[in-house]
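Notes follow once the structure below has been shown.
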Amino acid sequence: MQIGNFYFNGGAYDLDIAEKGFKKALEIDSKILWGHYQMARVYFVKGERARALDEINKEFEAVPQNFRAYYVRALIHAYDKNFSESEMDFRSFLVWAPKEWAGYNDLAWVLAEQKKYKKAKEVLETAFREVQQANQNPWLWNSLGVTQLNLKEYGSAVTSFNRAQKYASKLTLMEWARAYPGNNPNELESGLAVFRAAINENLERAVDNSSGI
């Protein structure tokens, strides 16, 4: 497990070596905590979602008390466009971790994909109440702005995107890396740049709509 964790952004980044480490651990103890969970994350990052789903379901069987597995399974379902299943898993995760911003942010995204914009807005409003320093979180402000755009609340969307822009400009690469711990460290700068560009585009759309253009 230590070898797998080291090569899965714990000091180095090599998904194949990480996978071998986790596989070896599971051969020794098929019910080891985080074993199937980490395998699922590796497969998810590799884009092998069927294998990722199989592994995260095995984590539930082996360690049913590992509620963080709900988050990983919710992501897998979301990328497979199984949004109703994803929604249920994100909601289960938030019952366990009501103070973590990412659960709210991704649940809002999944709800928006189902065109449940009012429910997405309610989820984000809950996040701003429950999560520490949520009012400085660019992800939450951007998601709220997108939801407001979809609800045609253009003036509010402009405010949200301005706040998202402000706080995204202050994000460090280390903070970005903490938000995406399984991603390739060589892609941190490009990922952050894409996020900032998306906020800028969203703000332009909101301004255009609020001006009646």
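This is a predicted model, so every value here is computed, not measured.
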Look at the side chain of [X] and the backbone N and O of [Y], then say whether any donor-acceptor pair between them is shorter than 3.5 Å.
| X | Y | value |
| --- | --- | --- |
| Ser86 | Asn82 | no |
| Arg196 | Ala168 | yes |
| Tyr167 | Asn162 | no |
| His36 | Ser30 | yes |
| Asn105 | Trp101 | no |

I need the [X] [atom1] to [Y] [atom2] distance, nearest 0.5 Å.
| X | Y | atom1 | atom2 | value |
| --- | --- | --- | --- | --- |
| Trp34 | Asn5 | CH2 | CG | 10.0 Å |
| Phe161 | Trp141 | CZ | CH2 | 11.5 Å |
| Asn137 | Leu144 | CG | CG | 11.5 Å |
| Asn135 | Leu140 | CG | CG | 10.0 Å |
| Phe90 | Leu107 | CZ | CG | 7.0 Å |
| Ser160 | Ile199 | OG | CD1 | 11.0 Å |

Going hydrophobic residue to hydrophobic residue with side-chain gaps under 4.5 angstrom, can you get from [X] over to [Y]?
| X | Y | value |
| --- | --- | --- |
| Leu75 | Phe67 | yes |
| Val194 | Leu203 | no |
| Ile17 | Val42 | no |
| Tyr79 | Tyr71 | yes |
| Leu151 | Val146 | no |

For Tyr43, the option from Gln38, Arg51, Arg49, Glu48 that meets side chain to side chain donor-acceptor pair (under 3.5 Å):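 It is Arg51; the other options fail the test.
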
Using every non-hydrogen atom in the two residues, find where [X] and [Y] come nearest and quote the distance to one decimal.
| X | Y | result |
| --- | --- | --- |
| Ala78 | Phe83 | O-CE2, 3.4 Å |
| Asn209 | Arg205 | ND2-O, 2.8 Å |
| Ala108 | Leu124 | CB-CG, 3.7 Å |
| Gly145 | Ala157 | O-CB, 3.7 Å |
| Thr147 | Ala120 | OG1-CB, 4.0 Å |
| Leu149 | Ala206 | CD2-CA, 3.9 Å |

Using a cut-off of 6.0 Å, state whether more than 12 heavy atoms not belonging to [X] lie near its atom [atom1].
| X | atom1 | result |
| --- | --- | --- |
| Gln65 | CD | yes |
| Lys99 | NZ | yes |
| Ile3 | CD1 | no |
| Lys152 | NZ | no |
| Glu175 | CD | yes |

Check against side chain to side chain donor-acceptor pair (under 3.5 Å), Tyr13 and Asn186: CA-CA 9 Å; Tyr13 193 80; Asn186 295 324; over 6 Å; no

Pairing donors with acceptors under 3.5 angstrom, does anything connect the side chains of [X] and [Y]?
| X | Y | result |
| --- | --- | --- |
| Asp16 | Tyr7 | no |
| Ser84 | Gln114 | no |
| Thr126 | Arg129 | yes |

Aromatic plane relationship, Phe8 with Phe22 - under 30° parallel, 30 to 60° tilted, over 60° perpendicular: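 Rings of Phe22 and Phe8: perpendicular, over 60°.
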
Residues Val110, His77; criterion side-chain contact (heavy atoms from CB on, under 4.5 Å); working and verdict: CA-CA 10 Å; Val110 165; His77 281 316; over 6 Å; no

Pair Glu55-Arg41, salt bridge (Lys or Arg N to Asp or Glu O under 4.0 Å): steps then yes or no: CA-CA 9 Å; Glu55 288 295 332; Arg41 291 181 65 221; over 6 Å; no

Steps toward salt bridge (Lys or Arg N to Asp or Glu O under 4.0 Å) verdict (Lys23, Glu19): CA-CA 6 Å; Lys23 273 186 177 177; Glu19 180 182 344; 3.3 Å; yes

Arg68/Glu100 under salt bridge (Lys or Arg N to Asp or Glu O under 4.0 Å): CA gap, chis, key distance, verdict: CA-CA 11 Å; Arg68 192 161 291 281; Glu100 295 191 20; 2.7 Å; yes

side-chain contact (heavy atoms from CB on, under 4.5 Å) assessment of Tyr37 paired with Asn66: CA-CA 9 Å; Tyr37 174 95; Asn66 184 2; 3.9 Å; yes

Could you tell me whether [X] and [Y] have their ring centroids closer than 6.0 angstrom?
| X | Y | result |
| --- | --- | --- |
| Trp109 | Trp139 | no |
| Phe128 | Tyr104 | no |
| Phe60 | Tyr70 | yes |

Arg73/Glu59 salt bridge by N-O under 4.0 Å criterion: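 No, Glu59 and Arg73 are not salt-bridged.
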
Lys/Arg N to Asp/Glu carboxylate O, Arg91 vs Glu87, below 4.0 Å: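 Yes, Arg91 and Glu87 are salt-bridged.
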
Note, Phe195 side chain near Asn142 side chain (heavy atom, < 4.5 Å):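 Yes, close enough: below the 4.5 Å cut-off.
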
Ile56 vs Ile76 side-chain heavy atoms within contact, under 4.5 Å: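 Yes, at least one pair of side-chain atoms sits under 4.5 Å.
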
Chi angles and distances behind the salt bridge (Lys or Arg N to Asp or Glu O under 4.0 Å) call for Lys121, Glu153: CA-CA 11 Å; Lys121 185 180 177 183; Glu153 299 171 358; 2.9 Å; yes

Full working for side-chain contact (heavy atoms from CB on, under 4.5 Å) between Leu188 and Asn183: CA-CA 8 Å; Leu188 291 176; Asn183 287 11; 5.5 Å; no

